[in-house]
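A note on names: the letters A, B, ... follow the listed sequences, proteins ahead of strands, and every chain is numbered from 1. Note that the structure is a prediction, hence the values are computed from the model and not measured. Below, all heavy atoms of this structure are taken into account, side chains as well, without hydrogens, waters or symmetry copies.
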Amino acid sequence: MSGTFGKGHHLHLIDGSAFIFRAYHALPPLTRKSDGLPIGAVSGFCNMIFKMVEDNTGPDAPTHVAVIFDKGSHTFRNDMYDLYKANREAMPEDLRPQIPLTRQATEAFNIACKELEGFEADDIIATLARQAREAGGRCTIISSDKDLMQLVGDGVEMLDAMKNTRIDRDGVFDKFGVYPDRVVDVQALAGDSVDNVPGAPGIGIKTAALLINEYGDLDALLERAEEIKQPKRRQTLIEHADQIRLSRKLVLLDDRTPLDFTLDDLEVREPDSDKLLAFLAEMEFRTLTKRVAEKMGAEMPTIEDTPALPDAPQVDDVPFDTDNYEQVGDAGTLEKWLDAIYEAGHVAIDTETTGLNEMTADLVGISLAVEPGKACYIPLIHKANRGDDLFGSDDLAEGQMDLDTCLGMLKPVLEDPSILKIGQNMKYDVKILAQVGIAMAPIDDTMLMSYAQHAGLHGHGMDALSERYLDHTPIPIKPLLGSGKSAITFDKVPLEDAVKYAAEDADITLRLWKLLKPQLHAAQVTKVYETLERPLVPVLADMERAGIKVDRDTLSRMSNAFSQKMAGLEDEIFGLAGRKFSVGSPKQIGEILFDEMSLDLPDGKKPAKGKSGAWSTGADVLEDLATVHDLPRRILDWRQLDKLKSTYTDALQNHINKDTGRVHTSYSIAGASTGRLASTDPNLQNIPIRSEEGRRIREAFVAEEGKTLVALDYSQIELRILAHIADIPELKQAFADDIDIHALTASEMFNVPLPEMTPDIRRQAKAINFGVIYGISGFGLARNLRIPRAEAQGFIDRYFERFPGIRTYMDDTKAFAKKHGYVQTLFGRRIHTPEIGAKGPRAGFAARAAINAPIQGTAADVIRRAMIRMPDAIRNLPARMLLQVHDELLFEVEQGAEEELISTARKVMEDANEPVVRLDVKLTVDAGQGSNWAEAH
DNA sequence: ACGCTCACG
DNA sequence: GACGTACGTGAGCGTA
């Protein structure tokens with residue numbers, strides 16, 4: 001049947017996304033045998049399409065058919081309401097690569113495949129259904145999405161393909177309590193939590209239908225809201241009238257979308273058997289390929305049965321060629337790249353900026369790569385010359401896109417939940433793009449993939465990874481930027497060089513991703529990567545961008561006070577030493593004390609000499625020496641002040657951001673091998689607290705006017721984890737009973753009843769407890785406690801006797817590390833211990849590190865999980881998370897909401913191990929609050 | 001660039 | 001039997 005669509009014609013419209021999701025959830029996670037590509041949803045999709053083709057015979061068969069897909073995440077509905085669909089969960093990791101394949105499948109079946117930027121599939125379906133109806137034909141929408149039910153009637157029906165049930169006007173009435181023409185009114189009132197349509201609070205479908213049926217339609221209802229008898233209902237409708245009208249706009253489908261095709265283009269076509277079978281064979285669908293071949297009377301193509309070797313190099317064998325990279329200078333060229341990105345479903349991205357600090361750096365350009373060797377650079381604000389020419393202008397270089405135009409085009413892609421953005425150290429790029437209003441998601445990060453697999457084995461910077469995995473040395477940045485005083489920023493780098501350098505970074509990143517991603521599964525660290533590494537990126541980006549307010553005047557006053565004290569100390573020091581010298585020089589101190597003054601330690605010996613041959617003058621040495629002379633104590637005091645002044649009160653002032661008045665640290669996620677974060681520029685994880693003088697520096701970390709700082713820290717988390725992992729009944733019981741753990745240890749070891757415990761015995765036990773966590777040795781404990789080595793060894797022996805599980809844990813852990821080359825945390829994080837088999841002292845180091853890593857690492861995992869869950873948990877509180885200090889989280893909260901924040905955040909932290917790891921000990925969190933960090937802690 | 005020292009958990 | 005040792009970090013300074 002052909003001719004213009006009209007009476008007697010029957011159009012089938014398949015809701016592509018709904019089909020894919022159903023297929024995905026209905027089937028186990030199948031993968032392609034040869035390379036492990038996830039393929040379950042594609043398989044289900046193809047089977048459903050084929051079943052439809054097979055079933056569609058007889059008088060009711062469609063004459064026209066199309067599969068309609070969503071395109072992009074940003075639609076006109078987001079312009080009306082920016083929270084539209086904001087509750088949507090991210091697309092599952094193994095589904096994303098299957099989306100483009102389902103489009104290919106549709107084409108292979110020779111079925112029209114349609115989508116339209118800026119509109120949802122539902123709008124296209126609405127438009128086509130209207131056209132079919134107006135032309136006098138019939139239309140069946142294959143979907144069970146209730147949002148489409150407003151279209152039913154007058155020749156338009158829905159078909160639930162899974163249940164094989166048709167939904168007509170009566171079916172809609174069953175579901176909504178109204179007929180299709182009033183469905184949007186009911187939806188506007190009831191709202192939709194899945195799409196985040198607000199609706200009227202407290203009103204569901206039942207009540208909504210009741211009201212609409214009583215008043216006729218929504219407008220009449222809102223107009224006559226005063227007449228409603230129930231006071232609560234009346235008030236809700238009056239108060240939220242605007243929100244309800246907005247909700248109706250959101251749920252009302254647009255049946256006038258501009259389409260570049262007509263119904264006639266959708267006429268049913270016979271598939272090309274060669275093309276279809278080739279596609280099915282490529283997917284390695286054996287059964288389906290056979291069935292299709294039989295039905296079409298064609299030869300069954302062969303499907304290779306040999307899976308690729310798991311370790312075979314996966315990355316395409318494309319040589320690096322910097323001449324092949326493209327400079328993107330206009331919208332048309334960029335459009336071409338965006339098409340390629342949508343085709344692939346992923347893109348590697350790298351941002352170039354004017355500096356390394358994301359808070360002060362400006363975006364200079366963006367590079368993209370979609371397949372190995374195919375990369376581009378979009379320069380945005382490069383200067384026409386290097387800027388070192390006195391007469392040179394700061395004009396922009398030719399051939400660059402307008403910044404806003406470019407970002408406007410990129411934003412929908414970078415925020416599209418179906419397009420995966422791949423980067424190396426994505427926290428940097430996420431922060432840079434956040435500065436220009438782009439919330440990039442979802443992401444993958446090659447640095448974190450490497451870290452999840454190989455923590456402890458090697459670094460995870462791009463240069464190191466490229467050398468190691470791609471056997472390729474990236475173009476070094478140094479020659480482009482220069483160094484020292486004549487260094488230039490990237491916007492001054494000539495475009496020709498910039499394109500090569502920047503595009504290569506994206507190319508390398510994409511290749512690393514292709515290589516490292518499949519290895520995650522093999523190394524069994526996919527869970528670690530997906531639950532402990534990647535989700536931390538946006539959380540840390542937000543914390544770093546928030547920063548913490550630091551009061552410059554407080555620091556400045558402290559600096560001055562320190563200067564004065566140090567000047568006084570210097571006079572005393574020079575008097576005692578008999579001459580002037582540089583007090584900051586350990587070498588000169590050693591010469592004065594041990595050569596010129598010939599001082600000896602209390603045991604009559606001299607201290608050790610360091611690698612450079614100078615006397616060791618560390619605090620422990622000077623502390624001992626202080627018992628025989630006054631000078632060492634003065635030097636210790638001077639050093640403490642020098643440290644506080646130079647590292648804290650002076651240096652911190654230089655880190656106060658000019659625009660925000662706050663200090664913004666940067667956390668490295670893949671720095672510490674154990675899974676701990678590290679804080680840099682500045683390090684806010686080592687702000688003084690142990691000495692009273694140093695502790696006062698925390699007074700300079702303040703809450704904003706009208707706000708409070710709240711600190712929550714895990715109590716003894718590492719010892720709790722040790723008690724669990726090593727399975728020590730006495731320790732577990734002590735934590736269950738909230739008994740002072742160090743006192744308990746002392747009581748067990750030294751046979752002192754708890755009521756008779758003295759601070760000194762407790763102090764020794766505390767040192768032993770910490771020693772255990774660090775891989776205790778008699779020597780180390782002796783030095784720490786300043787007791788003879790034999791005595792320390794005696795303590796350790798008694799400890800092991802009392803808690804034999806500890807020794808077992810230590811021995812087992814060392815044996816595991818020797819056998820596997822790594823140890824693991826309770827959450828599966830791997831920490832490699834390559835030196836464990838070494839000879840000499842290095843083996844001792846490695847053994848102690850191996851003993852410590854599962855404990856420190858598990859604690860790190862716990863707080864990571866808490867941090868990842870925190871933003872959602874506190875999203876309705878006027879609070880934000882600012883800092884992490886290993887076992888502590890610091891928040892800033894509006895005054896009045898402190899207690900609510902504490903109870904909410906505490907719960908998240910105390911339950912952070914659940915549900916994947918059950919602990920025999922509870923986790924306990926202490927809380928404090930105040931106008932500055934000293935008070936809050 | 002490297003070692004020393006010292007701040008934190 | 002000798003050797004050197006508590007675990008994990010980052011920053012500032014002096015010295016080469």
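To the nearest angstrom, P of B:dT5 lies 14 Å from CD of A:Q588. Atom CD1 of A:I697 is separated from atom P of B:dA7 by 10 Å (rounded to the nearest Å). A:K609 places its NZ atom 18 Å from the P atom of B:dG3, with the value rounded to the nearest Å. If you take NZ of A:K839 and P of C:dG4, they are 17 Å apart, rounded to a whole angstrom. The distance between atom CZ of A:R696 and atom P of B:dA7, rounded to the nearest whole Å, is 17 Å.
At the heavy-atom level, A:G584 lies under 4.0 Å from the strands shown only through sugar-phosphate atoms. A:R789 comes within contact range of at least one nucleobase, with a heavy-atom separation under 4.0 Å. No engagement by A:E888 is indicated, since no non-hydrogen atom pair under 4.0 Å with the nucleic acid exists.
Distance from the side chain of A:S646 is smallest to C:dG12 among C:dA11, C:dG12, B:dC8. Of the candidate nucleotides B:dC6, C:dG8, B:dG9, B:dG9 has the atom lying nearest to any side-chain atom of A:V885.
The phosphate of C:dT15 has neither OP1 nor OP2 within less than 4.0 Å of any side-chain N or O from A:S612. For B:dT5, the OP1/OP2 oxygens have no side-chain nitrogen or oxygen of A:Q640 closer than 4.0 Å. Regarding contacts with the backbone of C:dT5, every side-chain N or O of A:R783 stays at 4.0 angstrom or more from both OP1 and OP2.
Relative to the six-membered ring of A:F800, A:R802 misses at least one condition, a distance below 6.0 Å or an angle of at most 45° to the axis. Remark: A:R830 qualifies as a cation-pi partner of A:Y822 under the 6.0 Å distance and 45° angle criteria applied to the six-membered ring.
Donor-acceptor pairing under 3.5 Å, judged by distance alone, is present between the side chain of A:R690 and the base of B:dG9.
With rounding to the nearest 0.5 angstrom, the CG atom of A:L919 is 10.0 Å from the NZ atom of A:K732.
At a non-hydrogen distance threshold of 4.0 Å, A:R676, A:Q685, A:N686, A:I687, A:P688 from residues 664-688 of chain A come into contact with DNA chain B.
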Report the C-alpha distance between A:E910 and A:K922 in whole Å, list the side-chain angles of each, state the deciding distance to 0.1 Å, and finish with yes or no for salt bridge (Lys or Arg N to Asp or Glu O under 4.0 Å).
-> CA-CA 8 Å; A:E910 291 184 341; A:K922 61 180 175 181; over 6 Å; no

